[in-house]
Amino acid sequence: MRLSRYFLPILRETPKEAEIASHRLMLRAGMIRQEAAGIYSFLPLGLRVLQKICRIVREEQDRSGAIELLMPTIQPAELWRESSRYEAYGKEMLRIEDRHDRDMLYGPTNEEMITAIFRSYVRSYKDLPLNLYHIQWKFRDEVRPRFGLMRGREFLMKDAYSFDVDFAGAKHAYNRMFVAYLRTFARMGLRSIPMVAESGPIGGNLSHEFIILAETGESEVFCHRDYLNFEVPGPKVDFDNVAELQAIVEQWTSLYAATSEKHDAAAFAGLPAEKRVSARGIEVGHIFYFGTKYSAPMKALVAGPDGVERPVHMGSYGIGPSRLVGAVIEAFHDEAGIKWPEPVAPFRVMILNLKQGAAETGAACEKLYAALAAKGIEALYHDLDERPGAKFATADLIGIPWQILVGPRSLAEGKVEVKRRADGTRELMSPAAALARFSA
RNA sequence: CGGAGUGUGGCUCAGCCUGGUAGAGCACCUCGUUCGGGACGAGGGGGUCGCAGGUUCAAAUCCUGCCACUCCGACCA
């Protein structure tokens with residue numbers, strides 16, 4: 001992408017409403033625009049990151065055996081009356097009337113709807129286990145949205161719903177998501193720690209929040225330091241292997257880790273002092289087992305091998321991709337701007353023409369740009385008529401992992417400079433060598 | 001929902017106390033000189049001062065009401 005043909009509205013000064021780093025940097029880097037409290041447009045650069053995150057989420061959901069579908073944002077109120085949540089959900093739910101005066105709502109979550117889908121097609125244990133997910137916009141009318149994408153009212157959520165004949169099956173479904181989540185966040189460069197959590201309005205009694213430690217996190221959390229060194233399951237993990245998954249989950253729940261609501265000060269104090277981590281965290285995922293809370297009232301029944309119909313055992317599993325955009329920035333930034341981990345970076349390489357208009361640098365940049373495109377590598381070419389300093393500042397701000405600096409000084413020796421945004425290291429090399437660095 | 005603030009060109013803000021023809025920096029347009037860490041000069045365009053009422057000869061400024069947004073707290077799959 002040529003910057004001259006892109007839409008990247010960089011802000012040189014920080015908008016006053018932005019308090020935390022991720023919000024500030026997203027606004028400055030032209031990733032998002034606020035439309036109302038807790039409601040944002042994703043501008044092109046922000047959308048690219050969001051899509052990268054969603055792709056990783058999808059790949060790991062699919063790997064674990066979940067199946068994607070797509071439910072609407074608007075739901076009829078009747079469904080929610082069946083589970084008694086229409087009244088229970090309160091003002092957080094955005095209620096709408098259509099032209100026929102029917103009560104509708106903008107979905108804050110989808111347990112009711114997925115249960116309705118399930119019950120209209122599935123009758124037998126032979127069709128189980130089943131895990132259906134979608135990635136869809138949600139709306140929760142928070143009293144106080146804040147911190148940009150971290151706590152928006154409208155936000156993107158991946159929500160998965162599992163269906164099993166009994167608790168044993170449901171536990172394995174829970175374990176699948178547990179392991180998939182560890183992998184998902186790790187692929188974005190984030191270390192997540194599963195913490196015992198309240199299950200809230202979703203209900204149920206088995207629940208973990210996946211927390212990223214960050215100073216600006218909204219939750220107060222406590223955990224054992226060894227979690228920071230646990231090995232994340234690799235891509236070869238067998239999601240159908242009950243014992244294998246159970247062992248992973250047992251390891252990752254063996255040590256103390258809890259959010260403030262579930263915090264047991266006495267147990268925590270029992271840990272050796274140097275193992276105690278008391279910090280703030282960002283909740284990026286939350287998983288629940290809630291049994292028959294919805295299937296019983298909504299009559300989602302399946303016949304077992306004995307021919308008897310019983311309510312199906314369910315769980316639900318959420319990840320907030322839009323919140324993750326903020327969480328990744330919180331984890332990877334410095335004074336100058338964002339430092340994207342490669343898997344979620346909006347572009348992989350940025351070419352900086354340090355002397356726009358000069359024949360030699362222009363030709364070298366064009367050649368590099370074409371070669372990268374031919375290799376299928378996403379490159380952003382800064383070809384605007386700006387001075388080098390301004391280009392450096394822009395590049396550091398938007399945080400593309402690799403910068404190729406093409407200036408007359410090094411080009412005189414037939415070299416370009418390859419700079420790594422993460423640590424600022426630079427290397428002088430031929431354009432061919434720079435190209436060889438990158439493969440699709 | 002309790003508390004505290006803020007609304008003035010696209011952005012950051014000054015002006016308000018003490019009423020009198022709306023300002024700065026950045027950004028934008030034109031021309032020129034520049035070009036390895038957010039250049040310089042000259043010229044230029046752009047604002048119903050959040051909205052509605054009121055006071056006054058006169059309101060960005062004073063008064064009343066409303067709206068929006070932000071922060072702290074409570075709340076929050």
In this structure, how many angstroms lie between the P atom of B:rC11 and the CG atom of A:L25, rounded?
19 Å
Report which part of the nucleic acid A:P108 touches: base, sugar-phosphate, or nothing (heavy-atom distance under 4.0 Å, all strands).
base
Salt bridge or not for A:E82 and A:R119, using N-O below 4.0 Å?
yes
Classify the nucleic acid contact of A:R33 as base, sugar-phosphate or nothing, counting any heavy atom under 4.0 Å across all strands shown.
nothing
Give me the distance, rounded to whole Å, that separates B:rU12 from B:rG50 when you measure between the P atoms they each carry.
14 Å
Can you tell me the base-pairing partner of B:rC31? Count Watson-Crick or G-U wobble geometry only, both distances below 3.5 Å, and say none if there is no partner.
B:rG41
Which base, if any, makes a Watson-Crick or G-U wobble pair with B:rG36, both distances under 3.5 Å?
none
In whole angstrom, what separates A:R144's CZ from B:rC72's C1'?
6 Å
Need the pair for B:rA52. Rule: Watson-Crick or G-U wobble, both distances under 3.5 Å, any strand; none if unpaired.
B:rU64
Using a heavy-atom cut-off of under 4.0 Å over every strand shown, decide if A:T14 touches base, sugar-phosphate, or nothing.
sugar-phosphate
Under a 3.5 Å cut-off for both distances, is B:rU18 Watson-Crick or wobble paired, and to whom?
none
Atom C1', compared across B:rU34 and B:rC49: separation rounded to whole Å:
38 Å
Would you mind classifying the nucleic acid contact of A:L11 as base, sugar-phosphate or nothing, using non-hydrogen atoms under 4.0 angstrom?
nothing
Side chain A:K419 and base B:rG37 donor-acceptor under 3.5 Å
yes
Need one value for A:K391: base, sugar-phosphate or nothing, where a base atom within 4.0 Å counts as base even if backbone is also close, heavy atoms only.
nothing
With a 4.0 Å cut-off on heavy atoms, is A:I287 in touch with a base, just the backbone sugar-phosphate, or nothing at all?
nothing
Check this one for me: any side-chain N or O of A:R12 less than 4.0 Å away from OP1 or OP2 of B:rA27?
yes
Expressed in angstrom and rounded to an integer, what is the separation of A:D385 atom CG from B:rG32 atom P?
12 Å
Counting just side-chain N and O atoms, does A:R153 come under 4.0 Å of either OP1 or OP2 of B:rC76?
no
Please compare A:E417 and A:G318 by the position of their nearest nucleotide in RNA chain B and report the one closer to 5'.
A:E417
Derivation of the side chain to side chain donor-acceptor pair (under 3.5 Å) call for A:H313 and A:S295:
CA-CA 7 Å; A:H313 286 248; A:S295 56; over 6 Å; no
If you measure from the C1' atom in B:rG44 to the same atom in B:rU48, how many Å do you get, rounded?
23 Å
B:rA4 pairs with, by Watson-Crick or G-U criteria that keep both distances under 3.5 Å:
B:rU70
To the nearest angstrom, the NZ-P distance between A:K262 and B:rC76 comes to 14 Å
Indicate, yes or no, whether a donor-acceptor pair under 3.5 Å links the base of B:rG37 to the side chain of A:R409.
no
Is A:D141 salt-bridged to A:R95, going by a charged N under 4.0 Å from an acidic O?
no
Base, sugar-phosphate, or nothing: which does A:A18 touch, judged by heavy atoms less than 4.0 Å apart?
nothing
Any strand: nucleotide that pairs with B:rC11 via Watson-Crick or wobble, under 3.5 Å:
B:rG25
Using only side-chain N and O atoms of A:Q34, determine if any of them is under 4.0 Å from OP1 or OP2 of B:rA68.
no
Kindly say whether, by distance alone, the side chain of A:E13 makes a donor-acceptor pair under 3.5 Å with the base of B:rG38?
no
Given RNA chain B, 5'-ward residue of the pair A:K158 and A:E386, judged by closest heavy atom:
A:E386
Flag the pair A:E209 and A:K262 as a salt bridge only when some basic side-chain nitrogen lies within less than 4.0 angstrom of an acidic carboxylate oxygen.
no
Indicate yes or no: does A:K158 engage A:E60 in a salt bridge with an N to O separation below 4.0 Å.
no
Look at A:E111 together with A:K293 and state whether they make a salt bridge at an N to O cut-off of under 4.0 Å.
no
What distance do A:I282 atom CD1 and A:I20 atom CD1 have between them, rounded to the nearest 0.5 Å?
7.0 Å
